[in-house]
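Here is the structure we will look at, set down as structure tokens.
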Amino acid sequence: MNNRIFYTKPSITELEISYATDAARNGWGDQCYEYINRFEELFKHHLGVQYAIATSSCTGALHMGLAAIGIGPGDEVIMADTNWIATAAPIVQLGAKPVFVDILPDSWCINPELAEAAITPHTKAIIAVHLYGNLCEMDELLAIGEKYDIPVIEDAAEAIGSVFHGKRAGSMGKFGTFSFHGTKTITTGEGGMFVTNDPGLYEHVLTLSNHGRARGQTKQFWPDMVGFKYKMSNIQAAIGCAQMERINDLISRKRDILSYYKTLIEFFPTVAINPEPSGTTNGGWMPTVVFQPETGVTREQLQKVFKSKNIDARVFFHPLSSLTMFEKQYFNVVAWDIPNRAINLPSYHDMTKDEQNRVIEFILRCLNV
Ligand SMILES: *Cc1c(COP(=O)(O)O)cnc(C)c1O
């Protein structure tokens with residue numbers, strides 16, 4: 001049996017199809033925002049926040065949120081060197097500078113001590129990215145934010161289902177952002193969400209999201225500021241509503257898949273997998289294994305073995321500071337080291353135990369056991 005194992009794929013049922021069909025057939029005119037409003041309500045309720053705005057992407061949600069808190073030319077925003085470029089791009093687009101700091105060796109998320117050390121008079125925000133479903137040290141980051149009066153923002157694109165001491169990822173910072181790209185735990189094809197508990201910030205981003213037209217503005221075609229156009233369509237939101245009705249099932253499958261990998265991997269102390277410290281829940285978006293240096297296992301070897309077995313092998317994020325448009329930060333030693341001996345493992349709702357066993361078998365083959 002050599003069928004391809006995808007690293008991820010969405011779970012689309014008759015429910016998603018029926019809602020999307022209904023939106024395409026009836027969701028116009030007076031009803032053109034119905035699914036959007038419902039999707040925002042369902043998401044707010046799930047997350048335990050007061051305000052949510054559906055967007056066309058997580059990147060767009062970040063762009064508007066950062067603009068609304070006043071990030072601009074000359075400002076610095078601290079974030080982990082290990083991440084997808086989507087979190088850094090809006091900072092650059094606003095004329096500010098992303099400051100990349102090293103990650104913790106166990107959670108692969110931002111190192112709070114180094115984040116604090118990177119603060120300068122130009123620092124305007126710290127972005128906590130919950131990598132692969134692993135949670136940042138939120139207590140420490142929020143305390144640093146308070147001490148220096150700097151907002152802490154959560155990019156929770158990869159952390160649907162992750163919970164930090166009773167609070168869901170994305171609900172703890174000044175604002176949080178999510179992605180519903182086809183690879184994420186819930187999907188609308190493309191899409192995102194901006195969430196906050198700050199009423200003023202909500203109004204500001206709502207206005208920005210609608211080409212600068214304020215909610216109370218009665219004059220037609222009268223923007224009050226230059227804004228953005230990052231809105232989600234009603235048809236995408238219809239798919240999102242169906243996914244939200246199934247969210248507990250979607251999250252628990254992700255967690256089950258991670259947990260099954262964990263039970264097998266934990267026999268091998270030289271291989272680390274996504275941690276779940278006490279008091280936290282890992283949403284399990286992307287199971288990831290990191291081989292200890294003494295194993296000699298390399299990314300290239302893992303890619304070769306997986307490829308030959310028709311299993312998708314997604315590499316651990318390259319440090320952002322290694323990309324040509326940024327300055328190399330070689331002193332971020334953990335962020336520069338881990339990707340060389342790590343790989344993301346396939347995980348999707350309908351994945352079978354046999355498929356997981358096949359993945360594990362080839363991981364162990366790399367270890368020569
Ligand atoms: C996927 C992802 C994004 C980007 O999401 P889009 O919806 O594609 O803009 C941003 N940040 C992180 C951490 C992501 O994983």
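One-based numbering along the sequence shown. Scope of the values below: all heavy atoms of this structure, side chains included, with no hydrogens, waters or symmetry mates. We count ligands from 1, going down the list as the structure has it; atoms in each ligand are counted the same way. In this text the structure is predicted, and so the values were computed from the model without any measurement.
Among protein heavy atoms, the minimum distance from atom 11 (N) of ligand 1 is reached at Asp155 OD2, 2.7 Å. The nearest protein atom to atom 2 (C) of ligand 1, hydrogens excluded, is given as Lys184 NZ, 2.7 Å; this is a heavy-atom distance.
Under 4.0 angstrom from ligand 1, the non-hydrogen atoms of Thr59 come from both its backbone and its side chain. With a 4.0 Å cut-off on non-hydrogen atoms, Cys58 touches ligand 1 through its backbone as well as its side chain. Contacts between Ala86 and ligand 1 below 4.0 angstrom, taking non-hydrogen atoms only, involve the side chain exclusively.
Short contacts between ligand 1 and Thr87, defined as distances under 4.0 Å to a heavy atom of the residue, involve ligand atoms 11 (N). Ligand 1 places these atoms under 4.0 Å from at least one heavy atom of Asn83: 13 (C). When each atom of ligand 1 is checked for a heavy atom of Gly191 under 4.0 Å away, the hits are 7 (O).
Polar contact with ligand 1: present for Glu158 (N/O pair, distance under 3.5 Å).
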**Message:** For a side-chain hydrogen bond (donor to acceptor under 3.5 Å, both in side chains) check, start with the C-alpha distance between Arg246 and Ser11, then their side-chain angles and the critical distance, and finish with the verdict.
**Reply:** CA-CA 10 Å; Arg246 301 175 53 226; Ser11 167; 2.7 Å; yes

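In this structure, a donor-acceptor pair under 3.5 Å is present between the side chains of Asp224 and Gln217.
Taking the centre of each ring, Tyr230 and Phe194 stay at or above the 6.0 Å mark.
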